[in-house]
Amino acid sequence: MKILVTGGLGYIGSHTVAELYRHGHQAVIIDDLSNSSRQVLPALENLVGTNIPFYQLDILNQDGLARVFEQEFPVDGIIHFAAKKAVNESLQKPLIYFENNITGLLNIVRCVEDFNVNNLVFSSSCTVYGQPERVPVTESTPTTRSVTPYGNSKLIAEMILEEYTRLHKGLGTVMLRYFNPVGAHESATIGELPIGVPANLMPFITQTAAGVRERLKVFGSDYNTRDGTAIRDYIHVVDLADAHVKAIEWLQEHPDEVEFFNVGTGTGQTVLEVIESFERSTGQKLNYEIVGRREGDIEQIWADTTKVEQVLGWKATRTLDEMTSSAWKWECALRAQKS
């Protein structure tokens with residue numbers, strides 16, 4: 001299949017492009033480079049062994065999007081990653097999040113209609129569940145308004161896609177609600193490239209270990225969890241990328257379907273357990289401190305993955321130690337490139 005990947009030079013997008021080629025498919029990448037780097041493209045091309053069509057484009061540019069679709073027509077499906085994703089930033093700049101994450105999605109859907117695209121996989125998030133009353137969460141766990149514009153933008157996007165798919169004959173849509181992607185490709189040629197101060201735990205851990213950051217802040221130690229720190233379901237980014245490939249392949253065989261899947265490991269880990277895993281898998285001692293809770297953070301969430309395992313035949317296989325060690329290998333490769 002020929003799959004158009006928006007945000008394809010980003011963290012999850014780049015790993016998904018690599019997995020698409022590993023499974024015998026092709027990719028066309030759209031990325032505005034606002035939260036990614038052009039240097040990812042040659043790294044990806046070296047990894048997959050071929051040139052990959054790339055368009056530097058903001059998805060808010062509807063005319064530009066249409067020109068890409070005209071040039072690449074026909075495409076067999078779209079995997080839509082391109083979105084703003086920092087929870088804290090969304091509290092400070094809500095309009096940017098609504099414009100990019102919702103208007104940008106509508107622009108993609110217009111191209112779906114104008115160019116008769118049959119398959120769409122949407123990058124959603126477990127934030128649509130808010131702070132659930134029970135864990136693990138299943139796909140039938142009630143969704144709820146988020147305390148952040150980021151979370152609400154994902155929930156609104158899901159509602160738009162579900163209704164549009166049901167009304168638009170010929171389109172199948174899968175929404176992947178994923179949890180906390182970490183780690184890097186085993187080759188250490190692609191990985192997470194945060195711009196500025198990282199908003200996610202793992203790059204902050206690796207940058208602290210590398211001496212780029214003085215210390216890691218652990219937000220909150222008074223949660224009702226086994227060690228007082230927040231619990232998340234951390235998933236290796238390559239496992240997550242593979243889930244996107246499974247989803248787009250499943251849609252080829254199930255036209256006109258609209259489905260939601262949780263994509264995680266099914267196990268929750270505390271922040272301190274992630275730190276312990278990093279120190280164990282890499283031999284690096286971390287300088288960290290416990291500070292107060294962070295606005296917008298929930299106490300605990302992890303996935304029930306029964307549905308995705310049964311329907312898509314997908315299951316996460318990589319351990320937390322593999323996640324933390326691969327993230328450190330990638331950080332070391334970055335430092336070597338810059339020295």
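Sequence positions, counted from 1, serve as the residue numbers for this chain.
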CA sep, side-chain torsions, deciding dist, call: Trp302, Cys126, side-chain contact (heavy atoms from CB on, under 4.5 Å): CA-CA 9 Å; Trp302 65 92; Cys126 66; over 6 Å; no

So [Y] and [X], do their side chains get closer than 4.5 Å, heavy atoms only?
| X | Y | result |
| --- | --- | --- |
| His25 | Glu249 | yes |
| Tyr288 | Thr208 | no |
| Ile156 | Leu105 | no |
| Trp330 | Leu193 | yes |
| Ile190 | Val17 | no |
| Ser281 | Trp328 | no |
| Leu57 | Leu65 | yes |
| Phe69 | Leu4 | yes |

Donor-acceptor pair, [X] side chain versus [Y] backbone, under 3.5 Å?
| X | Y | value |
| --- | --- | --- |
| His15 | His185 | yes |
| Lys329 | Ala184 | no |
| Asn118 | Gly170 | yes |
| Thr6 | Phe81 | yes |
| Asn35 | Lys84 | no |
| Asn200 | Met202 | no |
| Lys85 | Tyr150 | no |
| Thr103 | Asn100 | no |
| Tyr97 | Ala86 | yes |
| Glu299 | Gln131 | no |

Drop me the distance from [X]'s [atom1] to [Y]'s [atom2], to the nearest 0.5 angstrom.
| X | Y | atom1 | atom2 | value |
| --- | --- | --- | --- | --- |
| Thr148 | Leu91 | OG1 | CG | 6.0 Å |
| Leu20 | Ile248 | CG | CD1 | 8.0 Å |
| Gln207 | Glu331 | CD | CD | 5.5 Å |
| Leu320 | Tyr234 | CG | OH | 9.0 Å |
| Ile231 | Thr225 | CD1 | OG1 | 5.0 Å |
| Thr229 | Glu273 | OG1 | CD | 7.0 Å |

Member of Asn180, Val182, Ile205 meeting the side chain to side chain contact (heavy atoms under 4.5 Å, CB included) criterion with Val274: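 When Asn180, Val182, Ile205 are each tested with Val274, the side chain to side chain contact (heavy atoms under 4.5 Å, CB included) holds only for Ile205.
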
Would [X] and [Y] show up in the same hydrophobic cluster when neighbours are defined by side-chain heavy atoms closer than 4.5 Å?
| X | Y | result |
| --- | --- | --- |
| Ile52 | Leu33 | yes |
| Ile102 | Val128 | no |
| Leu176 | Tyr11 | yes |
| Met323 | Ile301 | no |
| Leu44 | Ile79 | yes |

How close do [X] and [Y] get, heavy atom to heavy atom, and via which atoms?
| X | Y | result |
| --- | --- | --- |
| Pro132 | Thr141 | CB-CG2, 4.4 Å |
| Arg38 | Leu9 | CA-CD1, 4.4 Å |
| Asp31 | Gly8 | OD2-N, 3.6 Å |
| Lys154 | Ser125 | CG-CB, 4.2 Å |
| Asp239 | Trp314 | O-NE1, 3.0 Å |
| His244 | Ile12 | CE1-CG2, 4.2 Å |

Would you say [atom1] of [X] has more than 12 non-hydrogen atoms from neighbouring residues, nucleotides or ligands within 6.0 angstrom?
| X | atom1 | result |
| --- | --- | --- |
| Glu295 | CD | no |
| Glu133 | CD | no |
| Lys93 | NZ | no |
| Glu163 | CD | no |
| Arg145 | CZ | no |
| Glu289 | CD | yes |

No-hydrogen, no-angle side-chain donor-acceptor test under 3.5 Å, [X] and [Y]:
| X | Y | answer |
| --- | --- | --- |
| Glu158 | Ser124 | yes |
| Thr306 | Asp304 | yes |
| Gln252 | Asn119 | yes |
| Ser277 | Thr324 | yes |

Would Val218 and Ile275 satisfy side-chain contact (heavy atoms from CB on, under 4.5 Å), going step by step from the backbone distance to the final call? CA-CA 10 Å; Val218 176; Ile275 291 171; 3.8 Å; yes

Decide yes or no on salt bridge (charged side-chain N to carboxylate O under 4.0 Å, His left out) for Arg67 and Glu70, but give the supporting numbers first. CA-CA 5 Å; Arg67 284 193 292 271; Glu70 286 170 2; over 6 Å; no

Step-by-step side-chain contact (heavy atoms from CB on, under 4.5 Å) determination, Val75 to Phe115: CA-CA 9 Å; Val75 296; Phe115 294 92; over 6 Å; no

With a 4.0 Å cut-off, would you call Asp242 and Lys246 a salt bridge? yes

Checking side-chain hydrogen bond (donor to acceptor under 3.5 Å, both in side chains) for the pair Asp321/Thr319: CA distance, chi angles, key distance, verdict? CA-CA 5 Å; Asp321 281 6; Thr319 66; 5.7 Å; no

Could you list the donor-acceptor pairs under 3.5 angstrom formed by side chains in residues 258-266, with sequence neighbours left out?
residue : atom : partner : partner atom : Å
Glu259  : OE1  : Lys307  : NZ           : 2.6
Asn262  : OD1  : Tyr129  : OH           : 2.7
Asn262  : ND2  : Val137  : O            : 3.0
Thr265  : OG1  : Asp233  : OD1          : 2.7
Thr265  : OG1  : Thr267  : N            : 3.2
Thr265  : OG1  : Thr267  : O            : 3.3

Can you check side-chain contact (heavy atoms from CB on, under 4.5 Å) on Arg177 and Thr143, steps first, answer last? CA-CA 11 Å; Arg177 294 170 174 167; Thr143 57; 3.6 Å; yes

